[in-house]
Every structure is written in structure tokens, then in C-alpha cells.
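Quick one: the structure is below, and I'll ask about it shortly.
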Amino acid sequence: MQSFEIDKRDVLKVKNAILAGDEILQEVLKDYHASEIAILFERLDKSEQQHIINLLPAEIASEIISEMDEESHPEDLLFKLHPDKRTEIVEELDYDDATDIISQLEDHEQKEILGDLQDEHASEIRNLLTYDEKTAGGLMNTELICVNINLTKKDAIDEIIRQSEQMEEFYTIYVVDDAEIFRGIVSLKDIIKARHDAKITELVKIDAVYVHPNTDQEEVANLISQYNLTSIPVIDDDQKLLGRVTFDDVIDVMEEESTEDILKISGVSEDEELSGNWVEAVKSRLPWLVINLGTAFLASSVVRYFDPTIKLIPSLAAYMTIIAGMGGNAATQALAVTVRRISLYDLTDKQAYRTVLKEFTVGLINGAVNGLIVFLFAFLFDGNPMLGLVIFLAMTGNLLIAGITGAGIPLILKRVGIDPAIASSIIITTFTDVFGFMLILGLASKLLL
């Protein structure tokens, strides 16, 4: 089975079905999974989305809304529905999904929706709304299977069956004592395989990995990935079990964090929506471009300083762009790898040193190889081996600087508490441009004139 992608034919098929009537529309929608309908919603207007949601049972409608991309604003679609339909959908959603959607609404809109819910549902969602959305508390679902450590195998299975009636799926059984203190986890497989008279206390794994509600979402993702978990428990400072974060939520987190890093490295604000209009894009990107313009003047001042050298050796102007461009590309490569490494691991001083040393070595080798290529080009087409030597030295030096700055700058920024993904790209571009021009023009002034 292949992943679903938006196709004009699918969009047209659904639009025509809407015009043809509800019976035909229902038949057409049966051909699509809820997640596929959520993707199709990106090409449908709000009235068409509402029509489909109102037509479908709350169980399917809730799944579609939970699968909608954040930038499609499922919260707006939900709020505009009739209160009865809206309530049915929210009560079908998992608590964590309902919280994620409702949290995007204005306070008065949140109160209106929560006021229509059953007390139990409203209370759970209100509790989850108190946590930062980028923490374990903001990700967790309070629906879980929990058994007492003193239960026998038979009693534990009966309890699991009772609790699972209200849950679609579960992966791990959580264990608490009489004081509701978290004691560990046990797998359903171990319970089933255990002897008839076994007790949970004999089966529980007490060294289970857990997180606190204020743990950053990226750390939660790292732990689930590192220990190959399907879910991870969330406990408070008193060791009381609050909820669980499942791997499907972590997949979304990893995608979000990767997108955020890519946008930051490119000098784009994380607030800019990928599907936003040109006004939002300009507001997001223009400030960074203005800052970059200021650093570009610094590089241009170096060129102005060596203007007499360029007039005497005009071919330098062509090679300057090569040196600066190659340095910028090499620095961006080193930056991307280093920022990703920082986001995945808490680097020690020794690891940070090794990171810079590695990029130093890579820059030296890549610079020498590319410098040799340009040396041969200058020798063959310009007939000037000394010009080739200048370009070779400048290329090697600039790619060496690119490697050091591409790895070193983000590590330094991280150490002083500045997000390395935001500021690094502008700094390293300035370094490679300025030093690239200084190297080729400075060496040319000394060796060729």
C-alpha cells in the first residue's frame, strides 16, 4: 500500500459528490480512509469541509479532525459546527488530541466547548490545558491501563479487560501500589504467559523509563527512540502516574522539530506557516534578510579595500565568487550536521571538541581537493600557475574556516544560551564571505603584484 497524496481527480471526485447529494457523497467517502480525507481537506473550502464532517458519524469525523494538519486549522472547523455535533466529536477524541485542538482556540471559545461536555471529559481536558504544549504534559493522554501491584494474574486480567472497554488501543500496562505510587510496567504478554497463581509484583519491571510533565517534548522523543518504547509514562514529583505519551505522538514531534530546525537554519521564523500567504512570508523573512544585508556590506567593504588589486588582475573577480560560494555551502553542511547533533544529544565538552575537529579535518580535505581542481583550471585557462596557487590556498583556507565556524559557532551559541539554529547561518555566511575575499585578494596582493 502506497502513501496517499493529493490528486486533482480525487479532489474533483469529492467536490462533484458534494454537489450530487449526500447519498452519493457517503458512497464516495467510503473509498477513503479518515487520514486521506484529512489530506483532501487541504483542497476543499471550509463550507465543503463542514458539509462532510456533519454528514459523517462522530467517530469518523473525530478521526478526520485529529488527522488534519495544524496549518489547516482544525480548531476553526470544529468550533463552527453545531454545538451538539461538536460535543459528539470532542468526546470521541482522545484527551490529548482534543486538548491539542481546543488549545488553539480563544479562551471564550474554549469555555463554550468545554461547557457543553460531560464533566469527566471537560475536567480531563482542562487539566491537560494547564501544561505547555511542547512538554510531556502537553503530549500525554490520561487514558491508560493501570493495575495494582498486589493483584494476581486472574484479577489483573479482569481489571485490564474492564479498563480497556473504553480504549481503542494500548501497548503497556502500568503498575501502581496501594498509595497510587508508580511502581513500574508489565507487558500483557508477560501476564498471559505467567503461571496461574503469579502476582503482578513478580512480573513488574521496576526500572521503567519515565518522564515528568515539564520534560521537553524533544527529550521525550529521544527517550522513546533510544529505548525503543511504544509509550512512556508521565509521573509527577510525588511519583503519581499522570498519563502516557505514545510513539505516534512522538512521530509528530520529531517531524515538527526537524521542520523547525530546517526553517531556522534557513533564516525563516518558525511562526511562518508552510501554507501561509505571501504577507506572512514577507513579515517572517524580511527582518533576517535585512540583518543579512548588513553583514553583506561588511564583505563588500573587503572587496572595496582591495579594489586596486582587482583592477590589476580582473580575473580575480570571477574566482572570488567561487571561493565565497564554496565556503558558504561547506559551512552550511557543517552547520546542518552540528545543529542536528545538538538537537539529538546533549554534547559534552569532549564530544563538542571532537565535532569541531571532525569538521576541521573535513574542511581541510575538501578544501585541498577543490582547491587543486581550481588550480588546474587557472593553470590551463589563464596560463598562470601563481594565480592557481593563490586560488588553491584561498579555497583550502576558506573551506577550513567553513568547517570550523559551521561546527564551532552553533556550539558556542548553545553554550551561551542562544538557539544555534536561529543565529548561526548569518554568522557563518559572514565569516566565509569576509575571509574568502580576504584570502584570495590578500594572497593575490602579496604573491602576484
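Heavy atoms only: backbone and side chains are in, while hydrogens, waters and symmetry mates are out. All of these numbers come straight from a predicted model, not from anything done at the bench.
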- Item | Sequence-distant partners of Lys350, salt bridge (charged side-chain N to carboxylate O under 4.0 Å, His left out), two or more places apart | none
- Message: Can you confirm whether Gln239 is buried at CD, in the sense that more than 12 heavy atoms of other residues, nucleotides or ligands lie under 6.0 Å from that atom?
- Response: yes
- Closest non-hydrogen atom pair, Asn398 against Gly327: ND2-CA, 3.7 Å
- Could you walk me through whether Leu242 and Tyr131 pass the side chain to side chain contact (heavy atoms under 4.5 Å, CB included) test, one step at a time? CA-CA 12 Å; Leu242 299 176; Tyr131 298 108; 3.9 Å; yes
- Note on the structure: Here the gap from Cys146 atom SG to Ile185 atom CD1, rounded to the nearest 0.5 Å, amounts to 12.5 Å
- Query: side chain to side chain contact (heavy atoms under 4.5 Å, CB included) between Val11 and Lys15: does it pass, once the steps are laid out?
  - Reply: CA-CA 6 Å; Val11 177; Lys15 283 180 173 287; 3.8 Å; yes
- Query: What's the spacing between Ile24 CD1 and Leu19 CG if we round to 0.5 Å?
  - Reply: 10.5 Å
- Listed partners of Phe247 passing ring pair (Phe, Tyr, Trp, His ring centres under 6.0 Å), at least two apart: Tyr171
- Taking it one step at a time, do Glu42 and Ser72 satisfy side chain to side chain donor-acceptor pair (under 3.5 Å)? CA-CA 7 Å; Glu42 295 177 20; Ser72 297; 4.9 Å; no
- Item | Closest contact, heavy atoms only, Gln50 versus Leu77 | CG-CD1, 3.5 Å
- Residues, nucleotides or ligands: over 12 heavy atoms within 6.0 Å of Lys46 NZ: yes
- Task: Rounded to the nearest 0.5 Å, what's the gap from OG1 on Thr321 to CE on Met326? Could you check?
- Result: 11.5 Å
- Query: Considering all heavy atoms of both residues, which atom of Val220 and which atom of Ala136 are nearest to each other, and what is their separation?
  - Reply: CG2-CB, 3.7 Å
- Note on the structure: Between Gln49 and Phe41, the two heavy atoms sitting closest are NE2-O, 2.8 Å
- With no hydrogens and no angle check, is any side-chain donor or acceptor of Glu159 less than 3.5 Å from a backbone partner on Val147? no
- Task: Decide yes or no on salt bridge (Lys or Arg N to Asp or Glu O under 4.0 Å) for Lys134 and Asp216, but give the supporting numbers first.
- Result: CA-CA 6 Å; Lys134 292 186 179 293; Asp216 185 84; over 6 Å; no
- Does the pair Thr332 and Asn329 meet the rule for a side chain to side chain donor-acceptor pair (under 3.5 Å), with working shown? CA-CA 5 Å; Thr332 301; Asn329 288 334; 5.5 Å; no
- Donor-acceptor pair, Glu109 side chain versus Glu106 backbone, under 3.5 Å? yes
- Query: After noting the C-alpha distance and the side-chain angles of Asp84 and Thr87, does the key distance pass the side chain to side chain donor-acceptor pair (under 3.5 Å) rule?
  - Reply: CA-CA 5 Å; Asp84 292 341; Thr87 299; 5.6 Å; no
- Please test Asp197 against Arg195 for salt bridge (Lys or Arg N to Asp or Glu O under 4.0 Å), starting from the C-alpha separation and ending with a verdict. CA-CA 6 Å; Asp197 60 344; Arg195 66 181 191 277; 2.8 Å; yes
- Considering all heavy atoms of both residues, which atom of Glu133 and which atom of Gln217 are nearest to each other, and what is their separation? O-OE1, 4.0 Å
- Query: By ring pair (Phe, Tyr, Trp, His ring centres under 6.0 Å), which residues pair with Tyr174, not counting sequence neighbours?
  - Reply: none
- Value for CZ (Phe437) from OG (Ser301), rounded to nearest 0.5 Å, stands at 10.5 Å
- Query: Run the side chain to side chain contact (heavy atoms under 4.5 Å, CB included) check on Ile89 and Ile65 step by step: do they pass?
  - Reply: CA-CA 9 Å; Ile89 290 174; Ile65 287 180; 4.0 Å; yes
- Query: Closest heavy-atom contact between Ser66 and Leu93?
  - Reply: CB-CD2, 3.7 Å
- Under 30°, 30 to 60°, or over 60°: which ring-plane class applies to Tyr210 and His212, parallel, tilted or perpendicular? perpendicular
- Could you check Asp22 against His51 for side chain to side chain contact (heavy atoms under 4.5 Å, CB included), going step by step and ending with a plain yes or no? CA-CA 9 Å; Asp22 290 349; His51 186 94; 2.8 Å; yes
- Without swapping roles, check the side chain of Lys414 against the backbone of Ile342 for a donor-acceptor pair under 3.5 Å. no
- When rounded to the nearest 0.5 Å, the distance separating CD1 of Ile224 from OG of Ser231 is 7.0 Å
- Message: Using side chain to side chain donor-acceptor pair (under 3.5 Å), reason through Thr152 and Asp155 one step at a time and then give a plain yes or no.
- Response: CA-CA 5 Å; Thr152 62; Asp155 291 338; 3.3 Å; yes
- Query: Within the distance-only criterion (no hydrogens, no angle test), does the side chain of Glu67 pair as donor or acceptor with the backbone N or O of Glu36 below 3.5 angstrom?
  - Reply: no
